[in-house]
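All values derive from a computational prediction rather than experimental measurement.
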Amino acid sequence: MLDRNYIRDHPDEVRAALEQKGVEDVDFDAILDYDEEWRELKARGDDLRHERNQVSSKIGELKQAGEHEEADEAIETSQELKAELESVEDRAAELEAKLDDLLLELPQIPHEDVPVGDSEDDNRERRREGFDDLRELPEEVTPHYELGEELDIIDEARAAKTTGSGFYFLKGEGAQLEYALLQFMLELHREQGYVDLFPPIPVNSESMTGTGQLPKFAEDAYKLEGEDLWLCPTAEVPVTNMYRDDILLKEDLPIKHQAYTPNFRREAGEHGTETRGIVRVHQFNKVEMVNFVEPDTSYEAFDRLVDEAEEVLRRLDLPYRILEMCTADLGFTQAKKYDIEVWAPGDEMDDGPEEGGRWLEVSSVSNFEDFQARRAGLRYRPERHESAEYIHTLNGSGLALPRVMVAILEYYQNDDGTVTIPEPLRPYMGGKEVIEGHEPVGESALGAGEKD
RNA sequence: GCCGAGAUAGCCUAGCCCGGCCAAGGCGGUAGAUUCGAAAUCUACUGUCCUCACGGACACGGGAGUUCAAAUCUCCCUCUCGGCGCCA
């Protein structure tokens with residue numbers, strides 16, 4: 001949420017931001033008008049109330065002095081004031097409620113460094129890492145969704161049965177790889193100074209509003225029937241809202257939390273060749289890093305956060321690139337955002353690198369500045385005697401698991417259809433070095449002619 | 001789920017029965033005075049909004065109501081604590 005004073009004083013900046021982010025469904029002039037009218041009413045209401053307070057206290061005095069006649073007169077005056085006050089304040093309350101709703105739909109203003117653009121084509125590639133010394137790949141890399149089925153470590157069909165499309169079972173070595181990735185990432189971020197959290201998975205509407213998923217993006221999330229609860233769309237929501245309405249101390253900052261959670265997203269209508277397999281699913285695990293920092297340090301924290309997320313891929317020795325998002329590709333809440341995209345060589349896509357394959361977004365690192373803090377009431381006291389100020393929040397995935405798994409299954413694939421396990425993960429898989437897969441189970445396995 | 005008790009400023013606490021006279025007091029913090037310096041002491045400041053300002057309004061968990069007037073009375077909600085029940 002933007003500061004109302006800021007909006008009054010810098011309307012042109014807000015208009016520019018709306019245009020750069022391509023937001024067209026907000027009537028900013030109406031907001032300014034409402035605010036103007038509200039302030040007038042507020043001033044009038046304050047005056048009336050002042051008058052009433054004076055009359056009221058006089059009534060007390062008169063009554064104690066035993067001057068009942070004059071007291072009754074004063075009561076009459078007070079009653080008249082009351083009626084007028086009510087109409088003024090009702091109108092003001094109406095306007096303020098409207099204003100609050102509208103303000104929740106005003107997006108964050110992009111940081112001045114962010115390249116202005118119209119679409120994702122205007123995003124800038126900052127750098128590319130890990131392509132100098134590539135692994136020897138099979139002639140034809142099998143896409144993860146075929147390989148996962150062949151090795152019987154990913155079972156989408158049976159998940160469709162128990163749950164629906166867009167979900168999957170991981171089995172045996174597949175599930176082990178998932179756990180190994182989790183443990184590995186969490187341990188790495190611990191080294192980077194993160195304190196673990198395991199949050200509640202359902203979150204209420206207030207939390208969803210605090211981080212900006214509501215009110216505009218309700219249709220992206222799963223809602224529990226009969227409850228004011230949503231299935232966690234990202235750990236950002238419970239973790240950022242953890243300190244809602246708290247006042248933190250200067251010495252508390254920066255606070256760095258990491259949290260593993262499952263994430264649930266409806267992803268309505270997202271089916272096609274680009275989303276085969278487990279690259280876009282309704283439930284996936286992710287380790288999220290969230291930083292709470294003093295305002296003037298948030299851009300340092302941003303650079304550090306990108307590096308902390310990258311470290312996962314560096315250690316796994318997976319090639320990737322860093323993309324700087326242009327204004328059009330910034331989210332509603334974001335002032336600045338970098339994406340990290342890992343290289344997955346299994347599927348040819350037009351916008352992939354020269355080496356073939358495609359890019360998969362595995363992390364998004366964002367600085368929200370005080371946008372979320374203002375919505376959620378996240379403050380700190382810069383000096384003991386000073387009044388509280390909004391902090392800055394940032395977060396970054398570190399990382400989203402399924403797409404890392406895709407990259408591993410494709411990039412670490414061997415000629416014989418097995419997958420070499422990246423070294424840092426082996427300690428978490430009982431020393432296992434290669435994923436060899438399982439015999440399929442059930443009558444359908446007979447069709448493959450592999451069981452007598 | 002049931003019964004009971006509670007929620008007051010950054011923190012701790014009074015006021016609530018019995019409505020009216022700045023939400024009293026303490027702690028912590030900042031500045032000043034004092035001091036060679038410190039401790040102690042004293043003074044001022046230490047929530048939000050509107051206003052260029054003077055000033056004013058609001059704020060006692062949240063919301064609604066009663067009243068000329070609500071921290072105080074009534075109702076609803078949220079959360080916390082205690083007891084009982086249920087439960088992995």
Pair listing, salt bridge (charged side-chain N to carboxylate O under 4.0 Å, His left out) test, anchored in residues 291-303 of chain A, at least two apart: A:K250-A:E294

Between B:U78 (C1') and A:R244 (CZ): distance, integer Å: 12 Å

Using the [atom1] atom on both, measure [N] against [M] and round to a whole Å.
N     : M     : atom1 : value
B:C3  : B:C75 : P     : 14 Å
B:U30 : B:G10 : C1'   : 14 Å
B:C16 : B:G65 : P     : 26 Å

Where protein sits on nucleotides 49-65 of chain B, one letter per nucleotide: B base, S sugar-phosphate only, - none, heavy atoms under 4.0 Å: BSS----BSS-------

So does [X] pair up with [Y], basic N to acidic O under 4.0 Å?
X      : Y      : value
A:R15  : A:D29  : yes
A:E187 : A:R190 : yes
A:R8   : A:E36  : no

Between A:Y299 and A:E369, a side-chain donor and acceptor under 3.5 Å: yes

Nucleotide N/O to protein N/O under 3.5 Å, stretch nucleotides 19-23 of chain B:
residue, atom, partner, partner atom, Å
B:G20, N2, A:S56, O, 3.0

Stems involving RNA chain B, each a run of at least 3 consecutive Watson-Crick or G-U pairs under 3.5 Å: B:1-7 with B:78-84, B:10-12 with B:25-27, B:28-33 with B:41-46, B:47-50 with B:55-58, B:61-65 with B:73-77

Pairwise ring-ring contact (aromatic ring centres under 6.0 Å, His included) hits with a residue in residues 8-65 of chain A, at least two apart: A:Y6-A:H10

Are any protein N/O atoms closer than 3.5 Å to N/O atoms in nucleotides 7-11 of chain B? If there are, list each pair with its distance.
residue, atom, partner, partner atom, Å
B:G10, O4', A:R381, NH2, 3.3

